[in-house]
Amino acid sequence: MKIKHTFFSENITEGFLPEVEANHALRVLRMKIGDGFYLLNGNGSKAMCKISEINGKKLAYEVVELEEAILSTPTISIAIALPKSNDRI
């Protein structure tokens with residue numbers, strides 16, 4: 001399955017795309033049943049989904065593969081250059 005598009009939903013496992021996202025997928029991108037897309041939840045999780053049903057303005061999908069995010073604490077390093085002479089401090 002070739003996937004070109006990515007959408008956002010706070011609840012990936014819900015099974016229905018939000019109305020704004022569904023409208024974009026159906027009217028603008030003209031996606032059909034069986035087409036695939038990625039779904040992101042904003043917390044780092046990503047799901048590969050396939051359109052299973054289109055009912056008016058609603059788009060139902062099934063999750064094919066779910067990638068849970070592994071959150072790590074970022075490491076921050078700060079460096080300061082020393083001035084040439086003490087007069088500049």
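Worth saying up front: this structure is predicted, and the values here are computed from it rather than measured.
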TODO: Could I get the full list of side-chain contact (heavy atoms from CB on, under 4.5 Å) partners for Thr73, not counting sequence neighbours?
DONE: none
Task: Pairs meeting criterion side-chain hydrogen bond (donor to acceptor under 3.5 Å, both in side chains) with involvement of residues 17-29, two or more places apart - done: none
Task: Student check: side-chain heavy atoms of Ile51 and Met31 closer than 4.5 Å - done: yes
TODO: Quick one: list whatever passes salt bridge (Lys or Arg N to Asp or Glu O under 4.0 Å) with Glu68, sequence neighbours left out.
DONE: none
TODO: Not counting sequence neighbours, list each pair that qualifies as a ring pair (Phe, Tyr, Trp, His ring centres under 6.0 Å) and has a residue in residues 56-87.
DONE: Phe37-Tyr61
TODO: Flag yes if Val63 and Phe8 sit in one hydrophobic cluster, no otherwise; membership is Ile, Leu, Val, Met, Phe, Trp, Tyr, and two members link when side-chain heavy atoms are under 4.5 Å apart.
DONE: no
Task: Any residue meeting side-chain contact (heavy atoms from CB on, under 4.5 Å) with Leu26, in chain and number order, not counting sequence neighbours - done: Ile54, Leu59
Open item on the list: Listing request: all salt bridge (charged side-chain N to carboxylate O under 4.0 Å, His left out) pairs with a residue in residues 56-65, at least two apart in sequence or in separate chains.
Closed with: Lys50-Glu62
TODO: Could you tell me the separation between the CZ atom of Phe7 and the CG atom of Leu29, rounded to the nearest 0.5 Å?
DONE: 5.0 Å
Open item on the list: By the definition side chain to side chain contact (heavy atoms under 4.5 Å, CB included), identify the one residue from Lys46, Glu67, His5 that meets it with Tyr38.
Closed with: Lys46
Open item on the list: Thr13: which residues meet the side-chain hydrogen bond (donor to acceptor under 3.5 Å, both in side chains) condition with it, sequence neighbours left out?
Closed with: Asn11
TODO: Please examine the side chains of Leu17 and Leu39, heavy atoms only from C-beta on, and report whether any two atoms are closer than 4.5 Å.
DONE: yes
Open item on the list: Taking Asn43's backbone N and O only, do any of them form a donor-acceptor pair with Asn41's side chain (distance below 3.5 Å, no angle check)?
Closed with: yes
Open item on the list: List the residues meeting side-chain contact (heavy atoms from CB on, under 4.5 Å) with Arg30, not counting sequence neighbours, and say none if there are none.
Closed with: none
Open item on the list: What I'd like to find out is whether the side chain of Ile33 reaches to under 4.5 Å of the side chain of Ser52, using heavy atoms alone.
Closed with: no
TODO: Could you grab the distance from atom CD1 of Ile3 to atom SG of Cys49, nearest 0.5 Å is fine?
DONE: 8.0 Å
TODO: With side chain to side chain contact (heavy atoms under 4.5 Å, CB included) as the test, would you mind laying out the steps for Ser45 and Leu40 before giving the verdict?
DONE: CA-CA 6 Å; Ser45 296; Leu40 306 175; over 6 Å; no
